[in-house]
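Because the structure is a prediction, the values reported are computed rather than measured.
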Amino acid sequence: MSTGKTSAPAIRYSAITFDCPDPADMARFYGDVLGLPVVLSTDDFILLGQEGSAGLGFNRLADYRRPTWPDPSQEKQAHMELGVDDLDAAQAWLLALGAVEPTVQPEPDRWRVLLDPAGHPFCISTLV
């Protein structure tokens, strides 16, 4: 066993990937929301991004089960936080793009929870 110091390997954050039933639907939604182009596309996976930046991927999962937040029967696996300047204007625009507003809003004056087309919760906030 070596006791010498070794340097850490170079590790970069490259992407977050969400499981979903329809990668094209998710890529359209988040591409419109974030202004990101498709950088890689197959039948079962789509990656959005920009050269030199981390991306956002969507992976087809045959037995995908939609999160039921806030009901814990099918927990959310992850959620995204998006910074906005105007909560009401951003929420209206996101709903027009296909987001859904759940009935539960824990602190609607500070942030809003919305659901993407696959049911993943995401938040918009002026705090970020």
Side-chain angles (χ1 to χ4, degrees):
M1 183 163 112
S2 172
T3 58
K5 284 191 167 186
T6 59
S7 61
I11 298 174
R12 293 174 307 285
Y13 162 64
S14 59
I16 290 178
T17 297
F18 285 93
D19 290 337
C20 62
D22 184 349
D25 190 39
M26 293 287 284
R28 181 210 47 82
F29 177 77
Y30 281 108
D32 287 349
V33 169
L34 299 171
L36 293 174
V38 172
V39 295
L40 175 69
S41 179
T42 70
D43 288 343
D44 294 322
F45 179 78
I46 297 179
L47 180 68
L48 301 176
Q50 303 229 354
E51 184 68 33
S53 296
L56 186 59
F58 308 100
N59 182 65
R60 183 181 316 277
L61 188 63
D63 63 345
Y64 176 77
R65 282 179 253 146
R66 184 181 187 93
T68 57
W69 185 91
D71 175 353
S73 62
Q74 180 63 40
E75 286 288 343
K76 61 182 180 177
Q77 294 85 23
H79 75 276
M80 195 178 317
E81 304 282 341
L82 302 174
V84 301
D85 293 330
D86 181 314
L87 281 173
D88 293 331
Q91 179 174 336
W93 184 71
L94 290 161
L95 292 172
L97 288 176
V100 174
E101 182 181 1
T103 56
V104 173
Q105 292 295 325
E107 291 193 48
D109 293 336
R110 296 183 60 202
W111 76 84
R112 310 276 169 81
V113 180
L114 299 173
L115 306 176
D116 70 20
H120 300 110
F122 67 95
C123 296
I124 57 173
S125 170
T126 58
L127 305 175
V128 182

Gap between atom CG of L61 and atom CG of D22 - 0.5 Å precision: 13.0 Å
Check whether V39 and L36 end up in the same hydrophobic cluster, where Ile, Leu, Val, Met, Phe, Trp and Tyr are linked by side-chain heavy atoms less than 4.5 Å apart. no
Quick one: are M26 and L56 in side-chain contact, heavy atoms under 4.5 Å? no
N-O pairing of D88 and R112 below 4.0 Å: yes
Please determine whether the number of non-hydrogen atoms from other residues, nucleotides or ligands lying under 6.0 Å from atom CZ of R65 exceeds 12. no
Check against side chain to side chain contact (heavy atoms under 4.5 Å, CB included), L95 and L114: CA-CA 8 Å; L95 292 172; L114 299 173; 4.1 Å; yes
Heavy atoms only: give me the nearest P106-W69 pair and the separation to one decimal. CD-CH2, 4.1 Å
Which pair of heavy atoms, one from L94 and one from F29, lies closest together, and at what distance? O-CE1, 4.0 Å
With a 4.5 Å cut-off on side-chain heavy atoms, are L40 and I46 touching? no
Can you measure from CZ (R28) to CG (L97) and round to the nearest 0.5 angstrom? 7.0 Å
Without swapping roles, check the side chain of E75 against the backbone of P67 for a donor-acceptor pair under 3.5 Å. no
Hey, does L34 have a side-chain heavy atom less than 4.5 Å from the side chain of L82? yes
So for atom CG, which belongs to D85, do other residues, nucleotides or ligands contribute more than 12 heavy atoms lying within a distance under 6.0 Å? no
With side chains defined as the heavy atoms from C-beta onward, is the minimum distance between R60 and C20 less than 4.5 Å? no
Restricting to non-hydrogen atoms, name the atom on C123 and the atom on E81 that form the minimum distance, rounded to 0.1 Å. CB-OE1, 3.2 Å
Please name the pair of heavy atoms, one in F122 and one in L115, separated by the smallest distance, quoted to 0.1 Å. CE2-C, 3.7 Å
With heavy-atom distances below 4.5 Å as the criterion, would you say the side chains of Y30 and F18 are in contact? no
H120 side chain to R66 backbone, donor-acceptor under 3.5 Å: no
Tightest non-hydrogen contact, residues L47 and A15, listed as CD1-CB, 4.0 Å
Counting distance only, does the side-chain N/O of Y64 pair as donor-acceptor with the main-chain N or O of A118 below 3.5 Å? yes
To check you understand the geometry: which heavy-atom pair defines the closest contact between W111 and S125, and what is its length? CB-CB, 3.8 Å
